[in-house]
Amino acid sequence: MTSDLATALPNVLVIWPNRPSQMAHLEATYKLHRLDLCSNPEEMIETIGDSITAVVTTGIKGLSSDLIKRLPNLKIVASSGVGYDSIDVALCSELGIRVTNTPDILTDDVADIAIALMLAQRRGIVLGDRWIREGCWAQQGPMPLTSSIRGKRLGVVGLGRIGKAIAARVEPMGVEIAYFGRRPQADTVYDFKPELIDLAHWADILVLACPGGEATHHLINAEVLAALGTNGTLINVARGSVVDQQALIDALTTNSIAGAGLDVFTTEPHDGQAFAGLENVVLYPHHSSGTIETRDAMAQLVVDNLEAHFAGRALLTAIN
Ligand code: 8YV
C-alpha cells in the first residue's frame, strides 16, 4: 500500500470522467485514480484495487462483475446516466455496494431526440438537407413527398419517465398513443397492449424507451419488425440490445419497414457504421442526453450522491 493510500481522502476510481467543474470538485475532495487515463489498467487495479471505496462511471461505461470482484472495499458506484444495464447491480447488492444513477434530469433531452429522430426519418429532414447541398433541388425540382405525423399511431415500448415525456410531446401533434410494458399503468389514459406484436401491428411509429438488460434483449426481432410493416418507423432511444440489429438491417435493406431513427446500437461506437449505406435510417451517436445543461446536471448528481455517501446521509438517487 503506497503512502498516498494512507491519506484520509477516500480513494475513488474514475472509469469515465465527469464534467470539468465537477471533476475539479472531485479532485479537490477525494484521491482520484483515473482508470480512463492509465496505460495499464490491470496494473493499476492490482496496485490500488483494495483501497477503492467509490467508483465514478457512466450508463455506457458501467462497471463489470470482474472489476467489482477486484475492489473488495468498494461501497458505492455513482453512475452518470439513467440506464444501469452495464453495471452488475445484483452483484453490488449482494456485496452491500450501493449504486446511484441520474434519472429525471435527462428525460426532456432524451424525449426531444426521440421526437427529432421521428420527424427526421418520416419527414425526410436529412434527405432534404442533402437535396439542397447536392444541387438536386435545382436539377430535379421538389424532393419526394413525405408522410404526415398528424393522425398516425405511436406505440411506446416502456412507458416510464422518458416514454411518458415522448407521449406528452406527440399528443399535441394529433398522434394516437398506446403502449406495451411489463404491466398496465394506473396513472395513464393511453391504451395498454399486453402483447408487443399487437402494438407493432397497430402502430405506425414504434418508439423504444425501455431499460436495457436481459429482460428486454432482442425484444424487437424480425417478427415484431414484420408486424410494424412497410409503412412503419422504429425509433430507439433505449439501448441497442433491445433490438435484433441484424433483423433491423435486413428489414431496412428490404424496405419491409419504412425506416428507423437510432440513438443507440449493439456494439457502440463501432457498429453504427453497419447502417451507413442505408437511406431510410437516421443515425445519432448515443447523444440524446448530450447537452451541456443536462450533462452538467448529471455530473452534479454524481458529486452529490458521493458527498451524501461519505457524509453518511441518505443517497439522492439510489438504485439499490
Ligand atoms: C449515458 C444514457 O449515460 O442515461 C443513460 O442511460 O445512456 C446516457 O445518458 C450518457 O451518455 C453517459 O455519458
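Heavy-atom basis, side chains included; hydrogens, waters and symmetry copies ignored. Just follow the structure's listing: the first ligand is 1, and inside any ligand the first atom is 1.
For Met44, the side chain to side chain contact (heavy atoms under 4.5 Å, CB included) test picks out Leu13, His33, Leu35, Cys38, Ile48, with sequence neighbours left out. Checked against side-chain hydrogen bond (donor to acceptor under 3.5 Å, both in side chains), Glu134 has the following partners two or more places apart in sequence or in another chain: Arg130. Residues satisfying the salt bridge (charged side-chain N to carboxylate O under 4.0 Å, His left out) test with Lys152, not counting sequence neighbours, are none.
Within 4.0 Å of ligand 1, counting heavy atoms only, the contacting residues are Thr58, Gly59, Ile60, Ser80, Gly81, Val82, Gly83, Leu106, Arg239, His286, Ser289, Arg295, Met298.
A salt bridge links Arg70 with Glu42: the closest approach of a Lys/Arg side-chain nitrogen to an acidic carboxylate oxygen falls below 4.0 angstrom. Ion pair Arg169/Asp108 flagged as a salt bridge, since at least one NZ, NE, NH1 or NH2 atom sits closer than 4.0 Å to an Asp/Glu carboxylate oxygen.
When side chains are defined from C-beta on, Leu91 counts as touching Lys69, because their heavy atoms get closer than 4.5 Å.
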